[in-house]
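This is a predicted model, so every value here is computed, not measured. The chains referred to below are lettered A, B, ... by the order of the sequence lines, with proteins before strands, and numbering in each begins at 1.
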Amino acid sequence: MVEPQAVPVFERVYAVVCQIPVGRVTTYGQVAHIVGNCDARTVGYALAGLREGTDVPWQRVVNSQGKISLIGSDQRHRLEAEGIVFDARGRIDLSRYGWSGPEQAWLEANGFDPLWFWNR
DNA sequence: CTTCTGACGAAAT
DNA sequence: CATTTCGCCAGAA
């Protein structure tokens with residue numbers, strides 16, 4: 001059992017992002033929601049600090065409108081390679097590809113607060 | 001110590 | 001649809 005507050009926020013963000021399944025996406029706000037005690041900006045800051053070649057699937061995090069924030073990156077191609085389809089406006093259908101969060105058992109085992117998450 | 005700066009979000013205007 | 005406001009991490013200057 002990991003102590004939640006003992007792990008830096010950025011590390012907690014990475015832990016959650018690594019749980020997003022292939023072919024699914026989630027939003028900055030949702031990750032912040034799961035991590036707790038931080039906001040969407042913090043998630044962006046955390047991902048911005050990743051190095052090239054990281055194992056963290058950062059491409060699976062998009063903004064609340066289902067759009068890519070990193071224009072000019074290969075994020076869209078990475079997602080399309082996972083089977084995700086973009087509409088004519090360049091948006092992803094979150095009701096179809098959206099991921100709501102880890103299993104409660106995972107949250108408990110990794111020092112997150114399941115109750116806080118589900119009650120919100 | 002203070003200020004600035006980035007992959008953001010939701011509600012109000 | 002466009003803007004503004006607030007929320008509040010971490011490192012550099």
Side-chain angles (χ1 to χ4, degrees):
Chain A
M1 179 61 162
V2 181
E3 289 304 320
Q5 305 311 321
V7 180
V9 174
F10 281 19
E11 293 301 317
R12 290 158 60 69
V13 168
Y14 302 147
V16 171
V17 174
C18 285
Q19 291 304 118
I20 306 173
V22 173
R24 306 293 297 287
V25 297
T26 193
T27 66
Y28 293 89
Q30 183 64 20
V31 173
H33 181 67
I34 296 166
V35 168
N37 273 145
C38 75
D39 56 24
R41 279 186 301 174
T42 304
V43 176
Y45 299 151
L47 298 187
L50 293 172
R51 296 185 288 181
E52 273 188 59
T54 176
D55 291 327
V56 180
W58 55 269
Q59 71 274 21
R60 299 182 192 140
V61 182
V62 299
N63 66 33
S64 66
Q65 297 167 45
K67 293 191 291 190
I68 301 296
S69 297
L70 268 186
I71 301 170
S73 74
D74 61 345
Q75 183 171 11
R76 175 166 177 158
H77 290 308
R78 284 172 179 252
L79 294 176
E80 291 178 324
E82 296 183 357
I84 291 176
V85 176
F86 288 70
D87 68 17
R89 299 174 186 169
R91 290 190 297 95
I92 294 171
D93 181 354
L94 293 179
S95 67
R96 178 177 175 180
Y97 300 106
W99 176 75
S100 57
E103 297 295 313
Q104 185 167 333
W106 184 91
L107 294 173
E108 295 176 343
N110 289 276
F112 288 82
D113 184 349
L115 295 180
W116 183 89
F117 174 56
W118 291 109
N119 288 335
R120 164 124 171 141

A:Lys67 atom NZ is separated from C:dC1 atom P, nearest whole Å, by 8 Å
Assess whether atom CG of A:Asp87 is packed by more than 12 heavy atoms of other residues, nucleotides or ligands within 6.0 Å. yes
Looking only at heavy atoms, the pair that brings A:Pro57 and A:Cys18 closest together is CD-CA, 3.8 Å
**Item:** Salt bridge present between A:Asp39 and A:Arg41 (N-O < 4.0 angstrom)
**Value:** yes
Readout for nucleotides 6-13 of chain C: B = base within 4.0 Å of protein heavy atom, S = sugar-phosphate only, - = neither; 5' to 3' it is -BBBS---
Same apolar cluster (I L V M F W Y, side chains within < 4.5 Å links), A:Val85/A:Ile92 | yes
A:Val22 and A:Arg60 have their tightest heavy-atom pair at CG2-NH2, 3.3 Å
Whole-Å distance, A:Leu94 CG to B:dC8 P, equals 16 Å
